[in-house]
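Just below is one structure, and these are the notes that go with it.
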Amino acid sequence: MSKPSIPQGTRDFNASTVQKRQFIFQTIRYVFETYGFQPLETPAMENVETLMGKYGEEGDKLIFKILNNGLDNPQKKASIQEGFDKVLAGKNSTAITERALRYDLTIPFARYVAMNHGQLTFPFKRYQIQPVWRADRPQKGRYREFYQCDADVVGSDSLLNEVDLIAVYIKAFEQLKLPVEIKINNRKILLGLAQVCGGEDKLIDLTIAIDKLDKIGWEKVKEELNNKGFNDAQQQLVERYLNISGTNTEKINALANLLGENENGKKGIEELNYVLSYHQSTGMDQHLVADFTLARGLNYYTGLIFEVKAIDAQMGSIGGGGRYNDLTSLFGVPNIPGVGISFGVDRIYDVMEEKNLFPTSVDHTTQVLFFNLGEAEAQVAYGQMMTLRAKKIACEMYPEKSKFDKQFKYAEKKGIPNIVIIGTEEVNKQECTIKNLATGKQINLPFKDLLTYPF
RNA sequence: GAGGGCGUAGCUCAGUAGGUUAGAGCGACAGUUUGUGGCACUGUAGGCCGUGGGUUCGAGACCCAUCGUUCUCCCCA
């Protein structure tokens, strides 16, 4: 028997970690609900075809697939063999696998909307807090099982949804006391640039190259553009695009100049302006940064896109989202536009832990430990303990009659602030000894006063 | 998918140029102290040195493979 272990990229969470994570979940859930979003849960596994082809070529490779049961059935040997050959050739085969673990929450949500659009009231606002799985190689801030907290609105074209979702981001991070900046761009602007640069078909090459700017620098980006067939004039245009800097307003003006009369460019800028100016009136625009290099991987985005970055932290994005025109048409139900955002709880946790941002109050533990001084005494103490529990004070009794030393140490390790001693003396006098472990002070109190004692 | 670092006690690590019985600190447990913790002292337990193979008279140290872990790239939360 080898040592027990858990799969790569997964984790166990101890008491204090769970409590801190709960703090993040509760904060985000509270904000979601305050903004009118209602909960949804979907299964951990989806049909393979629901997920495949939705996340790009790279994404498909990172989907965890579940092996079918009954592969050893001799009657199905031929079809399974055939399916296996397809898998070896890099294709998918339902004879081998027909289910997969969900990769994100947006696609399952789109599937849900497509399945239930008849019953839903639009605009439909839902939030979802559940784990997702990716067969990525684990590293800092990257896990194979992690939680996402998504909020989406479908069935509305209004930019007010974008405005509202940005407010959700800002308010949630404000409550978590985590300083962030929210980068905003518009896929329409990128599309406009691609058109000005010689064609929509270049959009993907262009965004991939642009996205790498802060990592590899302009020279390398230029090289890549060159390899992808962009001519000198086009490269110069991209360079001017990437060199745009200044305040949000300055950047937008420079961009408008650059893209000129391009329809998509104009529309993209208009939308961006709308959202930014709206938040000038709410006073939340200080967190917003127009960033034309922001591209985002998921190719279903069509409008404004967002990405959240923790300030002064070495961590990838801790949240992202954007508008998608027609996600449900992938499932046969066209014309349901939507916009959504996502929080990456595990990365938020890592950053907050690193910066020591968790309030000490998130550590809930037992408030009172009742000492166990023998069968008869423990029975009396148990009765007293139950009255405290009825008042919602967290209590426990040490289960063994052990030496004081041991019971004290238990309380100390667990961070229990108070102990109650009920021994033979106390039972005779119908009182208990209460000791505060931090101050070391102790008092005697009649049983009848225990209920009103301010633990 | 590509590349680097690291695997020695429950934890953090040491282990000198390969040399015989593998160490420390913290923690755990027990005692000094059978109704008062934190401190101190004393003692005890706990290791197929990740796994498999190889080189060598001799391997925790060197080589190969494998697994795990961590980081970077790709991509992403």
Side-chain angles (χ1 to χ4, degrees), chain A residues 1-11 14 24 28 55-63 90 102-106 129-150 169 180 207-208 211-212 215-216 220 224 294-299 306-310 313-321 340-351 369 371-374 377 398 401-427 432-444:
Chain A
M1 188 74 197
S2 56
K3 283 186 185 174
S5 64
I6 54 175
Q8 193 179 30
T10 65
R11 296 148 300 157
N14 64 22
I24 300 174
I28 294 172
Y55 308 106
E57 232 176 279
E58 290 294 321
D60 280 358
K61 288 186 201 158
L62 301 180
I63 294 171
R102 72 171 159 249
Y103 177 90
D104 73 353
L105 302 178
T106 307
I129 300 179
Q130 287 190 281
V132 302
W133 293 269
R134 295 184 189 179
D136 222 332
R137 185 167 279 198
Q139 55 182 273
K140 187 179 180 182
R142 174 173 301 182
Y143 306 98
R144 290 185 146 188
E145 177 184 64
F146 61 98
Y147 267 78
Q148 290 194 328
C149 305
D150 275 32
Y169 264 146
V180 296
T207 51
I208 290 174
D211 201 33
K212 292 182 185 166
K215 273 184 188 156
I216 62 177
K220 296 264 182 184
E224 191 160 328
L294 176 65
R296 303 224 13 102
L298 299 172
N299 44 23
F306 324 109
E307 198 161 286
V308 185
K309 182 93 182 54
Q314 270 204 294
M315 180 62 75
S317 64
I318 55 176
I341 58 170
S342 181
F343 289 80
V345 173
D346 301 75
R347 285 185 177 178
I348 293 171
Y349 175 91
D350 287 347
V351 174
L369 176 71
F371 270 28
N372 187 329
L373 299 181
E377 294 85 346
Y398 199 81
K401 174 187 186 294
S402 299
K403 293 205 283 187
F404 268 49
D405 181 69
K406 194 152 181 175
Q407 303 197 40
F408 266 120
K409 279 187 174 145
Y410 177 77
E412 230 170 89
K413 293 249 168 62
K414 209 166 163 181
I416 300 174
N418 304 291
I419 60 156
V420 171
I421 300 170
I422 298 176
T424 25
E425 289 172 32
E426 285 86 356
V427 171
C432 56
T433 302
I434 300 174
K435 180 165 184 168
N436 180 298
L437 283 195
T439 63
K441 285 190 184 147
Q442 68 180 54
I443 58 163
N444 291 320

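Since this is a predicted model, take the numbers as computed values, not measurements.
- In terms of the salt bridge (charged side-chain N to carboxylate O under 4.0 Å, His left out) criterion, residue partners of A:K140 (sequence neighbours excluded) are, by chain and number, A:E354.
- Residue A:L369 contributes atom CG, which lies 15 Å from atom P of B:rG37 at whole-angstrom precision.
- Distance A:E377 CD to B:rU34 C1': 13 Å, rounded to the nearest Å.
- Here A:F404 does not lie in a stacked arrangement on the base of B:rG37, lacking the combination of planes under 30° and ring centres under 5.5 Å apart.
- Within the 4.0 angstrom heavy-atom criterion, base atoms lie near A:I421.
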field: Strand RNA chain B as a dot-bracket string - pairs counted if Watson-Crick or G-U with both distances under 3.5 Å, | where the partner lies in another strand
entry: (((((((..((((.....[...)))).(((((.......))))).....(((((..]....))))))))))))....
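- Proximity of A:K413 to the phosphate of B:rG38: no side-chain N or O atom is located under 4.0 Å from OP1 or OP2.
- A heavy-atom distance below 4.5 Å is found between the side chains of A:W133 and A:R102.
- Here the C1' atom of nucleotide B:rU34 and the CZ atom of A:F371 are 14 Å apart, to the nearest Å.
- Per the geometry, CZ belonging to A:R11 stands 14 Å off C1' belonging to B:rU70, to the nearest Å.
- A:E426 comes within contact range of at least one nucleobase, with a heavy-atom separation under 4.0 Å.
- Rounded to whole angstrom, the span from the CZ atom of A:F408 across to the P atom of B:rU36 amounts to 9 Å.
- Considering only side-chain atoms of A:K140, the nucleotide from B:rA77, B:rU72, B:rG35 that sits closest is B:rU72.
- Residue A:I419 is classed as having no contact, given no heavy-atom separation below 4.0 Å to the nucleic acid.
- Atom NZ of A:K403 sits about 14.0 Å away from atom CG of A:L373, to the nearest 0.5 Å.
- Contact check for A:Y147 versus A:I24: no side-chain heavy atoms found under the 4.5 Å cut-off.
- Closest approach to the A:K409 side chain among B:rG38, B:rA77, B:rC75 is made by B:rG38 (side chain taken as heavy atoms from C-beta onward).
- As judged by a 4.0 angstrom heavy-atom cut-off over every strand, A:G423 is placed among the base-contacting residues.
- Between the side chain of A:R137 and the base of B:rC71, no donor-acceptor pair under 3.5 Å is found.
- Once rounded to the nearest 0.5 Å, the distance linking CG of A:D346 with CD of A:E145 reads 8.5 Å.
- Nucleic acid contact for A:G56: none, since no nucleic acid atom lies under 4.0 Å from a heavy atom of the residue.
- Listed nucleotides B:rC74, B:rU32, B:rG35 differ in distance to A:R142; the shortest reach to its side chain belongs to B:rC74.
- Projected onto RNA chain B by closest heavy-atom contact, A:G316 and A:T439 fall at different nucleotides, the more 5' of which corresponds to A:T439.
- If you check every strand for non-hydrogen atoms under 4.0 Å, A:G440 touches a base.
- Proximity of A:D150 to A:T106: side-chain heavy atoms (C-beta onward) are separated by under 4.5 Å at one or more points.
- In terms of modelled atom types and a separation under 3.5 Å, the side chain of A:R144 and the main chain of A:P138 share no donor-acceptor contact.
- Whole-Å rounding puts the A:D60 CG to B:rC75 P distance at 16 Å.
- At a threshold of 4.5 Å between non-hydrogen side-chain atoms, the residues A:D136 and A:Y143 do not count as touching.
- The gap from the C1' atom of B:rA14 to that of B:rA61 amounts to 13 Å, rounded to the nearest Å.
- Regarding A:I24, its CD1 atom lies at a distance of 17 Å from the P atom of B:rA77, rounded to whole Å.
- A:F404 and A:F371 have perpendicular rings, their planes meeting at more than 60° on a 0 to 90° scale where under 30° would count as parallel.
- A donor-acceptor contact under 3.5 Å links the side chain of A:Q442 to the base of B:rU36.
- Base engagement by A:E412 is indicated by at least one non-hydrogen atom pair under 4.0 Å involving a base atom.
- Base contact: A:D136 has a heavy atom under 4.0 Å from a base atom.
- A close approach under 4.0 Å does not occur between any side-chain nitrogen or oxygen of A:Q139 and OP1 or OP2 of B:rC71.
- Rounded to whole Å, atom P of B:rC75 lies 12 Å from atom CG of A:L62.
- With hydrogens and angles ignored, no donor-acceptor pair closer than 3.5 Å exists between the side chain of A:K403 and the base of B:rU34.
- Taking the P atoms as reference points, B:rC49 lies 15 Å from B:rG7, given to the whole Å.
- In the set B:rC71, B:rA77, B:rU69, the nucleotide with an atom closest to the side chain of A:Q8 is B:rU69.
- As judged by a 4.0 angstrom heavy-atom cut-off over every strand, A:K406 is placed among residues touching the sugar-phosphate backbone only.
- Using a 4.0 Å heavy-atom cutoff across all strands shown, A:S342 reaches no nucleic acid atom at all.
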